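Just so it is clear: chains get the letters A, B, ... in the order the sequence lines come, proteins before strands, and each one is counted from 1. All values reported here derive from a predicted model rather than from experimental measurement.
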Amino acid sequence: MTEQNPPVYPRATSASERKVATSVRFPEIEERILKYWEADGTFHASIANRDVVRDQTGHPENPQDSAGSRGTEFVFYDGPPFANGLPHYGHLLTGYVKDLVPRYQTMRGKKVERRFGWDTHGLPAELSAMKDLGMTDKAEIESMGIEHFNDACRANVLKFTKEWEAYVNRQARWVDFENDYKTLNVEFMESVIWAFKQLHDKGLTYQGFRVLPYCWKDETPLSNHELRMDDEVYQERQDPSVTVTFPITGGGALGDQLAGVNLLAWTTTPWTLPTNFSVAVGAEIEYAVVEAPAEGPLPGKHMLAADLVSAYAKDLGFTDHDDVTAAESAQAAVIGRYLGKDLANLQYRPLWDYYTDASVWGTQHAWRVLIEDYVTTTDGTGLVHQASAYGEEDQQSSEAAGIPVILSVDAAAEFLPMFAEPTPSGDTPLAEIAGVQVFAANRAIINRLKADGRLVREQSYVHSYPHCWRCRTPLIYKAVTSWYVAVTEFKDRMVAINEEINWIPENVKYGQFGKWLENARDWSISRNRYWGSPIPVWASDNPEYPRTEVYGSLEELKEAFGDYPRNAAGEPDLHRPWIDQLTRPNPDDPTGQSTMRRVEDVLDVWFDSGSMPFAQVHYPFENAGWFDTHNPADFIVEYIGQTRGWFYTMHILATALFDRPAFSNVISHGIVLGSDGQKMSKSLQNYPDVNEVFDRDGSDAMRWFLMASPILRGGNLIVTEEGIREGVRQVLLPMWNAWHFFALYANTANNGAGYIARNVFTEDGDRLSRTETGADSGPPVAIEGESAEGAHDARLTPLDHYILAAAGDLVREVTEALDEFNVSRACEALRGFAETLTNWYIRRSRARFYGEDFTSYDVLYTVLETFTRVAAPLLPLVSEEIWRGLTGGRSVHLTDWPDPDTYVKDERAVELMELTRTVTSAGSALRKQAKQRVRQPLATLTVVVPNAEALAGTGASESPYVQIIAEELNIKQVVLLDAADVSPEQFGIGQQLVVNARAAGPRLGKQVQHAIKGAKSGDWSMAGGVVTAGGLELQEGEYTLTTTVSEEAGESAVTVLDAASAGGARGGFLVLDTTLTPELVAEGIARDVVRTVQAARKDAELNVSDRIETTLTASPEVIAAVEAHSELVKAETLTLTLNLVEGEATEETRATVTALKESHA
RNA sequence: GGGCGUAUAGCUCAGGCGGUUAGAGCGUCACACUGAUAAUGUGAAGGUCCGUGGUUCAAGUCCACGUACGCCCA
């Protein structure tokens, strides 16, 4: 590598200097590759390269094939991220998968468009904008003006787009930012209102009530996710809990019998009692009627859950006296027992008369006992007070029972003025609560109950209670009007269509997602907010002339209102406040007084997300043809929680609008956790900083760590720096080191002129030679770029066959894995191959490289080139650098995926080499057992295996397999024997009987335990082919015989080969002769000296090929050994002059080395 | 409170239709090997398979109950 001789490799590099670095800095390489891609336009080329085959109509020919993917295109949908925060590991993880699958499919020949999507609407954006503006409630938004507020939201959601692009780019995710889609674009929003109108026209939308957490200070409902804004939302709070009486007046099956009995109902929200409209009981709960003592505070009959009678004994007036407790007295006073289901429809007397005029309030079905399965007996009385407007379960229960939702408080949670007015019966029991905030009114209500004799018990109750995340006000639950999608109407179709979706991991299909579908409820899609797609519904502002209109396009709006909604700049814009400005006279109002106004709500942001497949292309207004052929998507990926989010809402809309799935294959991955197994938390600092990892270990390292983990199979993943570095060690470094090794030798070959390696082909054009394995060499192989006649006389060794076959298997395995979206399996295959390549092929081939056997260069080149292509989706940056260095080509990502069928499957070569590896591994263990270090040569290893002749080979010279075994284990002579020719007993090998209980159990029943015991204890025999164990005869198949080492056999160590290992080693074993002769000891010492000299060379920082003069100082014994093996020592250490200095018998061996002038040719 | 899920080595996880000696990777320790490699090889220690009860010739595996944790919904 001098200036006169520029190196052959790397043939292309992103680095300024053409050099393969020994100590590699991956992050630097990555940064350079990213720049190269940008300058080169590689991403766009990778898409433009692939053609779409079109049919006669001009539509892409895209029928789904059996694997679920399409002919020439692979359709990917980007799940839109929300950009008002910075990306975290979860986004990175998803982003890597979103890159990997399209990269793979591109190499497989598909055209894969990838548009980035931005989710821009919704409450999180508003909340963030409010924070920026220092606002705390809706009144401030209204006074600022919706226009300006929405401007702030728009700026907020796009605040971090640059940072997002930088992250996405740094993680080497190829995605089109220029041709992106944003949910705030008017085209996107027009498709969204189109979808709403479609649903409306199909009768799948309706208006109703929903109960939401509500902040009475901000006067706004909160979404459930705001309850999880931070950890301080739920705080302990003390509330009064009261138990009140509801006297039964009749009704139901038992009304006559139970009339006059008091239902005892419990609540922690006394302020909802004025709107009590029903009492819920559990169907299977047993209720008891107790006769309270006449002299007590509550004489009469009371009903409550039987389990809770004792708990209420004292409240009902029972007392402890003599030996009888109050609880026992109460139990004794039980005069009747009823199951909840028998109590249905009992009627009771309301507490007050404010709402008893059914003609005004529609309460003709109120004040009844209802059966609800949510009732328990862990708190209260087992009878639950229900107020339809103030609890979600209450509301649903009431709706089913025909009871209306009636609000008793205003937006500030203050009781309405009507409470100061007389009730139909003429009194004003709760006059003092009118205008009072609900919590403040509790006291007055409780006092009233007490005065009315309706209070059984009052107790303070401490519970975890939600608070507003902004103002810390305790929330209430309150009904608000809402628009719904009637999901329950087409739930069955959703379940049926789910059958067409391939879920990874598969259990999600019928598990998390399938069950969620089966229990689907109607989808509340309206939000009383500002920044979102509008609900395109206009309603008359006078209920006397009701009229509802729904619009599904800008043109329809223009037709009805005279113009598009236009923003300040005059552009068509569907956002508030512009859309709200469209009004018109109500055509159904003959007086001409009332006006059609848009309902104020905006759509749930998930409606946007679910519309993404069609809205991203402005369907149906544009691209109708495109959409028809690019839906469902071939592939999407998001985290498992999206079974209730994106996956779900896309499925709803795809089913309702198109009656087909929105996606064919979906990966739902697990959650990324911090190093302590908890959720990642900035304040806890329990995860490595993303940028630090990028800078220190690199994007490919992070990609590998995430992709190789079980997280894509649904498990959770703990992110640790060690885990990331482990991937570097297992794959990235071996891959780089293999490349470095190759370049080092290829560059210095031919006296420094270098050698350009080429792909290995057989004469008939297959990639691999089909030469006989087991021979020490095969027929000549052709080298790519040369005619068959011109091929140099390359000979593949069994080792070459092995690694080439392994490369073919690698391609097959990774192809299969990625075709089924099994990413971690693909990683495992690559990891295994990297290990075989470096720790076996290259390690075993060092001498050949040193000796400039160019066949090995070509084989390593072929294998590395294959490896980098197969690794390209999983390690896109490092693969690129190595592949370009090897080939000088433009990009590995523009190549075709290797065709597994062009790799000859050479099972025999693999099998024999695996057996060889098994033998060396077991041999190592034998050495360990015999306490003989490897540098100590041993005389003989006897290898007994079935079909020994295959290992021995047919060649005249020594079998390469035997040679490998001898070298690896430092054995003078390997004796290969066929298992059929030897008697195991002579080597101390015995047999062990194992009963196959699965086979024998059914036949022998209880007896099988005796046979098992006998086999274990040695109480068994074999005579004339009949095996008897524990006195029982076993039949063929009911037992197996395995070889086992019975004892140490004198001067040798014996081991049995793992029966499961490759090459049919069943019954094979090794015998290691551990006898040491003085000659062997001397050679061992000489080898130790070689090691000492090598270490000295390394310390002196000499070049690999430097010739040296060596001076050794050592004990007489060592000197003698070195003298006896001086040729060995000199050759191994490139020593030309060897000086020996004899010291004391205890002298430590020391070596001094000096480089000599002549350099190695 | 409800639904779903999980519980196996210090850590992360595998463990077909139940089969008798429960595995892997990482980590730890010891030894070995090493002139491409911040690598590698061999071995050792490490288990109340969450608990209790049941079914069975046989239970980590099936059933019931309980406990703990997680996610979702309240």
Measure all distances between protein nitrogen or oxygen atoms and nitrogen or oxygen atoms of nucleotides 40-46 of chain B, and list the pairs falling under 3.5 Å.
unit_1, atom_1, unit_2, atom_2, d
U42(B), OP1, Ser921(A), OG, 2.9

- Query: Among all residues two or more places apart in sequence or in another chain, which pass the ring pair (Phe, Tyr, Trp, His ring centres under 6.0 Å) test with His385(A)?
  - Reply: none
- Tyr214(A) meets the side-chain contact (heavy atoms from CB on, under 4.5 Å) criterion, sequence neighbours left out, with Trp216(A), Glu219(A), Pro221(A), Ala411(A), Ile476(A), Lys478(A)
- Does Trp606(A) have any ring pair (Phe, Tyr, Trp, His ring centres under 6.0 Å) partners at least two apart in sequence or in another chain, and if so, which? none
- Note on the structure: Which of A38(B), A74(B), A32(B) is nearest the side chain of Leu733(A)? It is A38(B)
- Message: Please tell me whether Asp239(A) and Thr268(A) have a donor and an acceptor in their side chains that are separated by less than 3.5 angstrom.
- Response: no
- Check side chain to side chain donor-acceptor pair (under 3.5 Å) between Tyr841(A) and all other residues, then give those that pass, not counting sequence neighbours. Asp800(A)
- Message: It should be established whether Arg846(A) places a side-chain nitrogen or oxygen under 4.0 Å from OP1 or OP2 of nucleotide U37(B).
- Response: no
- Nearest-Å distance for atom pair CD/P, residues Gln1094(A) and A36(B): 9 Å
- Residues passing the side chain to side chain donor-acceptor pair (under 3.5 Å) test with Glu638(A), sequence neighbours excluded, are Lys98(A)
- Item | salt bridge (charged side-chain N to carboxylate O under 4.0 Å, His left out) partners for Arg935(A), two or more places apart | Asp1088(A)
- Message: Judged by each residue's nearest nucleotide on RNA chain B, which is more toward the 5′ side, Arg1091(A) or Tyr639(A)?
- Response: Arg1091(A)
- Item | Contacts of Glu828(A) that satisfy salt bridge (charged side-chain N to carboxylate O under 4.0 Å, His left out) - sequence neighbours left out | Arg831(A)
Scan nucleotides 14-19 of chain B against the protein and return all N/O pairs shorter than 3.5 Å with their distances rounded to 0.1 Å.
unit_1, atom_1, unit_2, atom_2, d
G19(B), OP2, Arg998(A), NH2, 3.0

- RNA chain B in dot-bracket, Watson-Crick or G-U pairs under 3.5 Å, [ ] crossing, | other strand? (((((((..((((.....[...)))).(((((.......))))).....(((((..]....)))))))))))).
- Not counting sequence neighbours, which residues clear salt bridge (charged side-chain N to carboxylate O under 4.0 Å, His left out) with Arg843(A)? List them please. Glu968(A)
- Message: What is the distance, to the nearest angstrom, from the CZ atom on Arg935(A) to the C1' atom on C31(B)?
- Response: 12 Å
- Partners of Arg725(A) by salt bridge (charged side-chain N to carboxylate O under 4.0 Å, His left out), sequence neighbours excluded? Asp697(A), Glu721(A)
